[in-house]
Structures are given as C-alpha cells and as structure tokens.
Amino acid sequence: MRPRALLSGGHTIEDLASALSRAACESFRHTPRHDSPLTPIERLLLRHSAQGWDTRRIARELTLSEGTIRNSLSRIFKKLGLDNRAQATLYYWGLWHMLDI
C-alpha cells in the first residue's frame, strides 16, 4: 500500500494543507514530468524505496545483494541531487517542490 501523504517538518501550514489536499484527491503524480536521468531499474528501485520498502526487502524482491541496492540508491540520489531516502520519497511522490534544493 502506498502512502497517501508524506508530511515533514520545516514547511508552512499552507504547504502541508496543499500536500494533504493533493493526497485526498489523489491528484498528485509520481516523479517529475521532465526527462529522468534514471534507468528503468533505477526508477524501480526509487519506487520501491518511496513505497517504504527497506533495503533487505528490495534486494530479496529483485534477487540482488543488499550492498548492490545501497550502492544503486546512492547513485540515484547523486543523479537527482538528493541526500537521502526521505528526499527521494518526496521527489518520487511529486512533492520535490518541498525540498530546499
């Protein structure tokens, strides 16, 4: 089951209300519309991570090692200019405008 909303600190009440409104209407979209620098497998890893799957579960599902998953996620973060899974999750769920990047 995917999250309906992801709320984080450091944003205005208007930002949070807008995120909740989009989640309630399910009018949000996954990942930005611009051309993605990610490969198909990287997009799959990003999706699994954004859905809350831990490294072990992703590795098991894709029959890869946990180290390979960690390294791949690091490459994804670098390509997207992100620092961590929380930022990647916001990016995936179309809330990248909430990132201070």
Side-chain angles (χ1 to χ4, degrees):
M1 183 159 136
R2 67 181 192 206
R4 286 201 163 274
L6 177 65
L7 304 176
S8 63
H11 299 285
T12 67
I13 273 295
E14 291 81 14
D15 290 337
L16 297 177
S18 175
L20 287 172
S21 175
R22 281 194 308 276
C25 298
E26 295 193 44
S27 64
F28 58 90
R29 58 188 164 81
H30 300 180
T31 62
R33 290 183 187 154
H34 62 75
D35 291 335
S36 174
L38 303 181
T39 66
I41 189 69
E42 288 171 334
R43 287 194 298 273
L44 178 63
L45 289 172
L46 177 62
R47 183 176 80 215
H48 287 328
S49 178
Q51 290 174 332
W53 291 23
D54 63 16
T55 302
R56 181 174 294 172
R57 181 176 177 191
I58 297 169
R60 191 172 50 239
E61 177 72 21
L62 301 178
T63 60
L64 297 169
S65 74
E66 290 181 43
T68 298
I69 300 303
R70 281 191 295 276
N71 290 338
S72 297
L73 287 172
S74 292
R75 263 193 316 278
I76 291 167
F77 300 160
K78 185 175 180 178
K79 282 184 175 183
L80 299 177
L82 306 173
D83 295 323
N84 54 50
R85 283 187 181 216
Q87 289 181 346
T89 299
L90 288 171
Y91 175 92
Y92 178 82
W93 291 107
L95 300 172
W96 64 95
H97 66 279
M98 297 178 82
L99 299 174
D100 294 328
I101 299 176

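Please read these numbers as outputs of a predicted model, since none were measured by experiment.
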Measuring from [X]:[atom1] to [Y]:[atom2], what's the distance to the nearest 0.5 Å?
X	Y	atom1	atom2	result
S74	D83	OG	CG	11.0 Å
L80	Y92	CG	OH	13.0 Å
Q51	R47	CD	CZ	6.0 Å
T68	I41	OG1	CD1	11.0 Å
L44	L62	CG	CG	5.5 Å
N84	T89	CG	OG1	8.5 Å

Go through T55 and R85 one step at a time and tell me if the side-chain hydrogen bond (donor to acceptor under 3.5 Å, both in side chains) criterion holds.
CA-CA 11 Å; T55 302; R85 283 187 181 216; 2.7 Å; yes

Can you name the nearest heavy-atom pair linking S49 to L73, along with the distance?
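Looks like CB-CD2, 4.2 Å.
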
Locate the shortest heavy-atom distance separating F77 from A88; write the atom from each residue and the value.
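So the minimum-distance heavy-atom pair works out to CE2-CB, 3.6 Å.
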
Can you tell me if E61 uses its side chain to pair, donor with acceptor, with the backbone of R57 under 3.5 Å?
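Absent.
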
Enumerate the residue pairs fulfilling salt bridge (Lys or Arg N to Asp or Glu O under 4.0 Å) with a member in residues 67-81, sequence neighbours excluded, ordered by first and then second residue.
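Checked against salt bridge (Lys or Arg N to Asp or Glu O under 4.0 Å) - neighbours excluded - the pairs reaching residues 67-81 are E42-K79, E66-R70.
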
